[in-house]
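Data first, discussion second: the structure below is written as structure tokens.
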Number of protein chains: 2
Amino acid sequence: MTRNGRDRVDNPEANGQVRASVCGEADHAVLSAHEALAVVLQIRAGELCVLLWRRALPPCEGEWALPGGRLGAGESLGASIRRQLAQKVDVRDLSHLEQLETRSDPDRHPQRRTLATAYLGLVPANIDPVVPADTGWHPAALLPPMAFDHASIVRSGHHRLRAKLSYTNVGFALAPPEFTMSELSGYYRAALGHDVAATNLRRVLLRRGQIEETGRSVPSGRSGGRPAALFRFRTRGLEITDAFAVLRPPG
Amino acid sequence: MTRNGRDRVDNPEANGQVRASVCGEADHAVLSAHEALAVVLQIRAGELCVLLWRRALPPCEGEWALPGGRLGAGESLGASIRRQLAQKVDVRDLSHLEQLETRSDPDRHPQRRTLATAYLGLVPANIDPVVPADTGWHPAALLPPMAFDHASIVRSGHHRLRAKLSYTNVGFALAPPEFTMSELSGYYRAALGHDVAATNLRRVLLRRGQIEETGRSVPSGRSGGRPAALFRFRTRGLEITDAFAVLRPPG
DNA sequence: TCAAAAGTGTTTAATGTACACCCATGC
DNA sequence: GCATGGGTGTACATTAAACACTTTTGA
């Protein structure tokens, strides 16, 4: 992947590890570059998509990468990824953000030792953030050629989303503020990768107290049909609504 | 990941920054100290305990801390925590190790910016690793005064263990190779914090295919009683045995 | 009146807890 | 025999998937 001199300009210490003396503390701290990355997912046109940008320069020129970048001074990883998503890809409307995992394979970056902490970010289905020209949404099920270990990070984020849809109210982060049950079942289908019957989803989420009726409904379309009731999530913060049915305390 | 120069534009606020001047190269990489920590848990005398060591020097002198330390050159975080547990606290018999989370609060370390990636490590109940004098096991439910954010990391690890006991076979990592059901229910009780009926635990774990009978049994004690059958976990690697009962694919 | 989409009722199945009862052993 | 701890059988509750049926609308 390395094939011209510009690599050195961007990534000089191609030698992996870096030592530095910090704050007058005469120790042998091993310092490493650290970046925050985000798997930003959104349901678009009935399909789960991930936000990627195309690398214009080596390494991995032409391949697609997760948005993110280096951790700033005095910045937590969570603040860092929020800042970078806002600045670089103009995504400010995250309905949910959580840490996924930290990748530390010494060979994950071909030129220099770089640790990456990945986040899972969700954007509700109703909005369409403007993103730069080199940035776009790709189906999570059909990823383009991707840089570094980013493809496996996307799969990790997708896996986390699927799991959490089963035992938390994280659906609030995929859906717009109000929705019909058939719309919501479409979001679940896209995220889970299999059909979700709207009729049963309604009962499950109502029983768990995740959603409630707004009292309003949307008129039926040209082809007729009963008007659909509008629902909303009762809270728009993550809650575990289905503590595991097993091994629960007696009584 | 250097995003084609945007990093420089976006990160002008890099003051107070730990900058490494390396090899005479003026690079903009923000480097930070990174350490791996481990929440090592074991059931000891019917109680869930965590391995801690007592700090002899400031900061947080006299408080208790998680084992771990700085990431070495060319070392992944997982390899690093394994090495440090073996070298520093002589723990080599981890039955399970998984990444928990990365802490990055700029103020988490009073003296210098330090990121920490925490792991959850489990030691089976039958062994008793020799640990240094300044190191000891403490009940996870009654933690001593702890350094930095380590107390909350322990709680995070305990929470992870409780959750995984419900839907994975992670019990294999708490139990010795063979065990009676009443012993196993004791481990579950210690880890979960509530009673677990051995009779039902047996059926649940058998139905899920997690455990199997060895065919042997242990003689009853002085007070009599039927001899207890010996069981073992069918696999000693982590498996999800109870995919969530909800929102599963049709068919 | 008919088609279409939404919503309700009911059946079936899986899972897990509680609890009564039976079994095997030591004394 | 009988106390003790282990093991089995069974009743009950909860959950949710499947599917037939009813309701409400547009044309």
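Naming: A, B, ... by sequence-line order, numbering from 1 per chain. Atoms considered below: every heavy atom in the structure, side chains included; atoms not considered: hydrogens, waters and symmetry mates.
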Query raised in the report: Are A/Arg108 and A/Asp149 close enough for a salt bridge, meaning some N to O gap below 4.0 Å?
Result: yes
**Report entry** Closest listed nucleotide, where the reference is the side chain of A/Ser220 and the choices are D/dA16, D/dG26, C/dT17
**Finding:** D/dG26
Requested in this report: Nearest-nucleotide wise, let me know which of A/Gly225 and B/Leu230 is further upstream toward the 5' end of DNA chain D.
Outcome: B/Leu230
Query raised in the report: Side chains of B/Trp137 and B/Leu52: closer than 4.5 Å at any heavy-atom pair?
Result: no
**Report entry** side-chain N/O A/Arg226 vs C/dA4 OP1/OP2, d < 4.0 Å
**Finding:** no
Query raised in the report: Are A/Phe233 and A/Phe179 an aromatic pair by the rule of ring centers under 6.0 Å?
Result: yes
Query raised in the report: NA contact type, A/Thr199, heavy-atom cut-off 4.0 Å: base, sugar-phosphate, or nothing?
Result: base
Report task. Give one of base, sugar-phosphate or nothing for B/Ser182, where a contact means two heavy atoms less than 4.0 Å apart. Result -> sugar-phosphate
Report summary line: Winner on side-chain proximity to B/Pro227, out of D/dG26, C/dT25, C/dG16, is C/dT25
Report summary line: Whole-Å distance, A/Arg203 CZ to D/dA18 P, equals 12 Å
Query - Euclidean distance, atom CZ of residue A/Arg208 to atom P of D/dA17 [Å, nearest integer] - result: 9 Å
Query raised in the report: Given atom OH of A/Tyr167 and atom P of C/dT15, what is their separation to the nearest angstrom?
Result: 20 Å
Query raised in the report: NA contact type, A/Ala229, heavy-atom cut-off 4.0 Å: base, sugar-phosphate, or nothing?
Result: sugar-phosphate
Query raised in the report: Roughly how many Å is it from NE2 in A/His194 to C1' in D/dA18, rounded to a whole number?
Result: 15 Å
Query raised in the report: Within the pair A/Ser223 and C/dA5, is there a side-chain N or O less than 4.0 Å away from OP1 or OP2?
Result: yes
Report task. Give a yes/no on whether any side-chain N or O of A/Arg207 is located under 4.0 angstrom from OP1 or OP2 of D/dT14. Result -> no
Query raised in the report: Out of C/dC19, C/dG7, D/dA17, which has the shortest distance to the side chain of A/Val204?
Result: D/dA17
Report task. Any chance you could measure A/Leu174, atom CG, to A/Leu48, atom CG, to the nearest 0.5 Å? Result -> 7.5 Å
Query raised in the report: Tell me: CG of A/Asp242 to P of D/dT14, nearest whole Å?
Result: 14 Å
Query raised in the report: Atom CG of A/Leu201 to atom P of C/dA5: distance rounded to whole Å?
Result: 19 Å
Query raised in the report: Under 4.5 Å between any side-chain heavy atoms of B/Glu212 and B/Arg234, yes or no?
Result: yes
Report task. Using a strict cut-off of less than 4.0 Å between a Lys/Arg side-chain nitrogen and an Asp/Glu carboxylate oxygen, indicate whether B/Glu98 and B/Arg160 qualify as a salt bridge. Result -> yes
**Report entry** Under-4.0 Å side-chain N/O to phosphate OP1/OP2 contact, A/Arg222 with C/dA4
**Finding:** no
Query raised in the report: Where the side chain of A/Ala228 is defined as all heavy atoms beyond and including C-beta, which of D/dA18, C/dG26, C/dA6 is the nearest nucleotide?
Result: C/dA6
Query raised in the report: Side-chain N or O of A/Arg202 less than 4.0 angstrom from OP1 or OP2 on C/dG7?
Result: yes
Requested in this report: Find the distance A/Leu206:CG to D/dT15:C1' and express it as a whole number of Å.
Outcome: 15 Å
Requested in this report: Grab the CG-C1' distance between A/Asn200 and C/dT12 for me, whole Å please.
Outcome: 13 Å
